[in-house]
There are 2 protein chains.
Amino acid sequence: MEKVKCRRETVPLKQRMLGLKDAMELFAGKWKFSILLNLNEYGEMRFKDLLETTTGISPKVLSKELNDLEQNLMITRTVMNTKPVTVSYAITEYALHAEPVISALIDFGLTHRETIKRR
Amino acid sequence: MEKVKCRRETVPLKQRMLGLKDAMELFAGKWKFSILLNLNEYGEMRFKDLLETTTGISPKVLSKELNDLEQNLMITRTVMNTKPVTVSYAITEYALHAEPVISALIDFGLTHRETIKRR
DNA sequence: CGGCATCCACTTAGATACTG
DNA sequence: CAGTATCTAAGTGGATGCCG
């Protein structure tokens, strides 16, 4: 692990740990990334759509995950004036900030998967 | 979330999700980052040392965390021929691969913490 | 010293059914 | 359609004690 750069080195270790903790808590669980990647790929989606594309999730869990993501400003929730009501979810501009994290995780995860496999 | 780059775009979505999953599983839990950052900062450490610097952890959990990290090649475990035995843990070269992940998480986490706080 | 065994508490996830 | 209610199953974490 080499010397960290930019803002990271201006911040004490304790606080960096807080940042790590926050980020990990936000993305914890089996479904958050899947939901975000789906919303990113397909644009606006309704509850039902997400229930179908997120294979294996139950409505209760999906509901909780969506709430978490909304609380953390990663997605928006829009209730449409139709009958019966439809609700539309979309990814936010703010969620773009998470792209470096996701990229780094994918890169590391794929490399690591190969490394462990051939061990 | 903008277009992904390099190897990430050569890999299908399903597989990218696997990479994400692997990486998240490796780093899940409250202690892994703390242990890695400590080992990185202090070099070789014994079980007892880690038990002290990792505030709040119990021996059972520390033991499990260390095993996980060793299985994933992030640390080495060396038994010394002393009486009574001492065991020394150290971070591996391979763990350097995780640095971009950690940096990205810290950056995002710190920014996000501020964003949420002032909401 | 460096753990593992045991037990318990708590949180989370899943299945299913139901409602506005 | 978009969830909530309820119940149960499972995983995880902490406390404690013991042993080589």
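We name chains A, B, ... by the order of the sequence lines, and we start the count at 1 in each one.
At C:dC4, one or more side-chain N or O atoms of B:S63 fall inside 4.0 Å of OP1 or OP2 (strictly under the cut-off). For A:Y89 and D:dC1, the shortest distance from a side-chain N or O to OP1 or OP2 is not below 4.0 Å. When the side-chain nitrogen and oxygen atoms of A:K30 are compared with OP1 and OP2 of C:dG14, one or more of them lie within a distance under 4.0 Å. Taking 4.0 angstrom as the limit, B:R77 places a side-chain polar atom (N or O) nearer than this to OP1 or OP2 of C:dG3. Regarding contacts with the backbone of C:dC1, a side-chain N or O of B:K48 is found under 4.0 angstrom from either OP1 or OP2. Between B:W31 and the phosphate of D:dT12, there is no side-chain N or O to OP1/OP2 separation shorter than 4.0 Å.
Formation of a donor-acceptor pair under 3.5 Å by the B:K32 side chain with backbone atoms of B:A28 is found in this model. Between the side chain of A:R46 and the backbone N or O of A:T86, no donor-acceptor pair lies under 3.5 Å. Not a single donor-acceptor pair under 3.5 Å links the side chain of B:T54 to the backbone N or O of B:I57.
Aromatic rings of A:F27 and B:F108 (six-membered ring for Trp) have centroids within the 6.0 Å cut-off, being under it.
Comparing C:dG2, D:dA2, C:dA13 by their nearest atom to the side chain of A:R46 picks out D:dA2. Which of C:dA15, C:dC4, D:dT4 sits closest to the side chain of A:S58 comes down to C:dA15. The side chain of A:K64 approaches C:dA13 more closely than any other nucleotide in the set D:dC1, C:dA13, C:dC1.
Taking atom CD on B:E44 and atom P on C:dG2, their separation rounds to 13 Å, with Å as the unit. A straight line from CZ of A:F47 to C1' of D:dA2 spans 6 Å, rounded to a whole angstrom. Separating the CD1 atom of A:I57 from the P atom of D:dG3 is a distance of 13 Å, rounded to the nearest angstrom. Whole-Å rounding puts the B:E52 CD to C:dG2 C1' distance at 13 Å. Rounded to whole Å, the distance from CD on A:E65 to C1' on D:dA2 is 17 Å. Between B:L62 atom CG and D:dG14 atom P there is a gap of 12 Å when expressed in whole angstrom units. The separation between A:M45 atom CE and D:dG3 atom C1' is 17 Å, rounded to whole Å. As a whole-Å value, the separation of A:K83 NZ from D:dA2 P is 15 Å.
Residue side chain B:K60 does not reach the base of C:dG3 through any donor-acceptor N/O pair under 3.5 Å, judged by distance alone.
The two atoms that bring A:A104 and B:A104 nearest to each other are CB-CB, 4.3 Å, heavy atoms only.
Between A:G56 and B:N67, the residue anchored closer to the 5' end of DNA chain C is B:N67, taking for each the nucleotide with the nearest heavy atom.
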